[in-house]
Amino acid sequence: MNVLMVYAHPEPQSLNGALKDFTVRHLEAAGHTVQVSDLYAMNWKAAIDGDDSPGRDRSAPFDPSRDSKRAYRDGTQAADIAREQEKLLWADTLILQFPLWWFSMPAILKGWVERVYACGFAYGVGEHSESRWGERYGEGNLKGKRAMLVVTAGGWDSHYGPRGINGPIDDLLFPIQHGVLYYPGFDVLPPFVVYRTGRMDEARFARTCDELGSRLDELWSARPIAFRQQNGGDYEIPSLTLKEEVAPQLTGFAAHLR
Ligand code: FAD
């Protein structure tokens with residue numbers, strides 16, 4: 001299988017660096033092919049702007065969505081964007097690995113998503129009409145592929161529990177897992193989260209690698225998070241609100257799980 005890891009940490013000798021190296025070694029030893037997009041090492045340009053669509057009409061105002069759609073369609077995107085899209089199409093599974101920074105992904109990784117997820121590639125796919133809102137949330141160009149987050153956090157697991165002060169980890173990761181990954185079609189596996197990173201030592205690191213290794217061994221067999229498909233019959237169209245009879249007692253993120 002082909003695995004793309006998109007990795008965001010500035011320091012190779014960090015905990016994240018060690019976990020990334022472990023993941024690559026483990027997957028390759030199991031016979032898989034791995035590509036790593038090491039965003040800091042690549043000096044990845046995070047800010048989306050007019051340079052991303054080199055052939056655009058510079059007399060017109062820059063429109064991130066319209067210009068990315070045209071550049072994607074015409075094959076005139078910036079080379080770094082096109083290369084990452086090719087890697088995504090090549091991959092059977094995508095791993096996004098990052099430290100939790102301010103309750104989300106580091107800015108450089110957000111910038112990877114914003115630039116690589118061109119209109120027509122990751123969104124704006126399929127028929128858009130009064131009766132259909134495109135192919136997304138379980139459908140789209142990345143359907144059939146799997147994705148998993150590997151996240152490290154300074155906070156304790158209890159801080160991220162159902163009543164923890166930081167909010168439940170599934171809620172914090174919902175915009176990434178449901179929005180960034182499920183939206184363009186990935187089946188999303190439960191995340192691998194390492195909490196309380198300040199308390200890491202060699203023994204705990206070895207245990208963490210064992211647990212991560214087991215999760216990597218199950219990349220192709222684990223059951224994905226049961227998000228509801230947009231076009232699967234649970235939502236009213238075009239309001240895209242859950243039908244009254246679907247999980248009537250639930251609101252918020254939890255309602256979008258089958
Ligand atoms: P490192 O700092 O590199 O290492 C952590 C520990 O692991 C160290 O003690 C190190 O000695 C040890 N270690 C490293 N490698 C090994 C190895 N190979 N074997 C054994 N031990 C090892 N946390 C939250 O919970 N929520 C937040 O919102 C949040 N926001 C943050 C925002 C910013 C800007 C920053 C800088 C931090 C934030 N944090 C937050 C904390 C952050 O999530 C953690 O610092 C980070 O996840 C730790 O990962 P690291 O790779 O940087 O670890």
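Counting starts at 1 for both ligands and their atoms, in listed order.
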Inset, instruction - Check whether the ring centres of His178 and Phe227 lie less than 6.0 Å apart, and answer yes or no. - result: yes
Legend entry - Side-chain donor-acceptor pair present, Ser65, Tyr123, cut-off under 3.5 Å: yes
Inset, instruction - Decide, yes or no, whether a salt bridge links Glu86 with Arg83 under the criterion of side-chain N to carboxylate O below 4.0 Å. - result: no
Legend entry - Side-chain H-bond candidate by donor/acceptor type, Gln85 with Gln77, under 3.5 Å: yes
With a 3.5 Å cut-off and sequence neighbours excluded, list the donor-acceptor pairs that the side chains of residues 242-254 form with protein atoms.
from   : atom 1 : to     : atom 2 : distance (Å)
Lys243 : NZ     : Gly233 : O      : 2.8

Inset, instruction - Please name the pair of heavy atoms, one in His9 and one in Asp38, separated by the smallest distance, quoted to 0.1 Å. - result: O-OD1, 4.4 Å
Are there any protein N or O atoms under 3.5 Å from the N or O atoms of ligand 1? List them with distances, or say none.
from     : atom 1 : to     : atom 2 : distance (Å)
ligand 1 : 3 (O)  : Leu15  : N      : 2.9
ligand 1 : 23 (N) : Gly154 : N      : 3.2
ligand 1 : 25 (O) : Gly154 : N      : 3.2
ligand 1 : 25 (O) : Gly155 : N      : 2.9
ligand 1 : 25 (O) : Tyr160 : OH     : 2.5
ligand 1 : 26 (N) : Tyr160 : OH     : 2.9
ligand 1 : 28 (O) : Trp102 : N      : 3.1
ligand 1 : 28 (O) : Phe103 : N      : 2.8
ligand 1 : 30 (N) : Leu100 : O      : 3.3
ligand 1 : 30 (N) : Trp102 : N      : 2.8
ligand 1 : 39 (N) : Leu100 : O      : 3.4
ligand 1 : 43 (O) : Leu100 : O      : 2.8
ligand 1 : 43 (O) : Gly154 : N      : 3.4
ligand 1 : 47 (O) : Thr152 : O      : 3.1
ligand 1 : 47 (O) : Thr152 : OG1    : 2.6
ligand 1 : 49 (O) : Asn16  : ND2    : 3.4
ligand 1 : 49 (O) : Thr152 : OG1    : 3.3
ligand 1 : 51 (O) : His9   : NE2    : 3.3
ligand 1 : 51 (O) : Leu15  : N      : 3.4
ligand 1 : 51 (O) : Asn16  : N      : 2.8
ligand 1 : 51 (O) : Asn16  : ND2    : 2.8
ligand 1 : 52 (O) : His9   : NE2    : 2.7

